[in-house]
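Okay, so here's the structure we're looking at.
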Amino acid sequence: MEETMKSKLNDILLSITWRDIARRYFGKSSSWLYHKMDGIDGNGGSGKFSDDEQETLKNALYDLSERIKAAADNL
C-alpha cells in the first residue's frame, strides 16, 4: 500500500496549522487539504496530491520553516 502524505508528515502533523497552509498556499479549504493528506477526494474516492500540488506543499513547508527561523532570529 502506498504511503499517504499524512503518514509522511506524521512528525510535524500536530505542529502545523494546516488550515493556514490550505488557504495561504493553495487557496483551498482545510477540509480539501485534510482529504488530500489522507489520499482521498471529497467524494471518498482516490485523491492523492498531483505533482504540482506536492511541489506547492513542499515549497509551503520550506517557506514556513524560513518564517519560523526568521522569527527565532528576532528573539
Side-chain angles (χ1 to χ4, degrees):
M1 181 159 76
E2 189 174 332
E3 188 176 25
T4 64
M5 189 63 69
K6 189 175 185 179
S7 64
K8 290 179 183 179
L9 298 173
N10 188 52
D11 184 49
I12 62 168
L13 206 56
L14 296 179
S15 300
I16 303 285
T17 304
W18 296 104
R19 183 182 70 127
D20 182 60
I21 297 284
R23 288 184 179 167
R24 182 183 301 248
Y25 299 98
F26 290 97
K28 304 277 187 175
S29 69
S30 58
S31 62
W32 175 88
L33 184 56
Y34 289 130
H35 286 309
K36 284 286 192 172
M37 299 264 292
D38 285 327
I40 59 174
D41 67 16
N43 299 319
S46 179
K48 67 181 188 174
F49 282 84
S50 69
D51 290 343
D52 286 342
E53 290 167 340
Q54 188 168 333
E55 188 68 21
T56 298
L57 180 57
K58 181 178 178 178
N59 290 329
L61 293 173
Y62 282 142
D63 182 56
L64 182 58
S65 71
E66 289 299 318
R67 291 170 41 218
I68 291 169
K69 184 180 181 306
D73 287 346
N74 284 328
L75 297 179

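Values below: all heavy atoms of this structure, side chains included; hydrogens, waters and symmetry mates excluded.
- Looking at residues two or more places apart in sequence or on another chain, you find a salt bridge (Lys or Arg N to Asp or Glu O under 4.0 Å) between K6 and D38.
- Note that CD1 of I21 is 11.0 Å distant from OG1 of T56, once rounded to the nearest 0.5 Å.
- One hydrophobic cluster, built from ILVMFWY side chains closer than 4.5 Å, cannot hold both W18 and I40; they sit in different ones.
- Remark: K8 engages no residue in a side-chain hydrogen bond (donor to acceptor under 3.5 Å, both in side chains) (not counting sequence neighbours).
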Side-chain polar contacts of residues 26-37 - donor-acceptor pairs under 3.5 angstrom, sequence neighbours left out - could you list them?
| unit_1 | atom_1 | unit_2 | atom_2 | d |
| --- | --- | --- | --- | --- |
| S29 | OG | S31 | OG | 3.1 |
| S29 | OG | W32 | N | 3.2 |
| K36 | NZ | K48 | O | 3.2 |
| K36 | NZ | E53 | OE1 | 2.9 |

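- Residues meeting the side-chain hydrogen bond (donor to acceptor under 3.5 Å, both in side chains) test with T17, sequence neighbours left out: none.
- Residue L14 places its CG atom among 12 or fewer non-hydrogen atoms of other residues, nucleotides or ligands, all under 6.0 Å distant.
- Of all the heavy atoms in S46 and D41, the pair that sits closest is O-OD2, 3.8 Å.
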Tabulate below the donor-acceptor pairs under 3.5 Å that side-chain atoms of residues 65-72 make, not counting sequence neighbours, or state none.
| unit_1 | atom_1 | unit_2 | atom_2 | d |
| --- | --- | --- | --- | --- |
| S65 | OG | Y62 | O | 2.7 |
| R67 | NH1 | Y25 | OH | 2.9 |
| K69 | NZ | D73 | OD2 | 3.2 |

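- Remark: D20 pairs with R24 by the side-chain hydrogen bond (donor to acceptor under 3.5 Å, both in side chains) rule, at least two apart or across chains.
- Distance CG/N59 to CD/Q54: 11.0 Å, rounded to 0.5 Å.
- Side chains of L9 and L61 form a contact here, defined as non-hydrogen atoms less than 4.5 Å apart.
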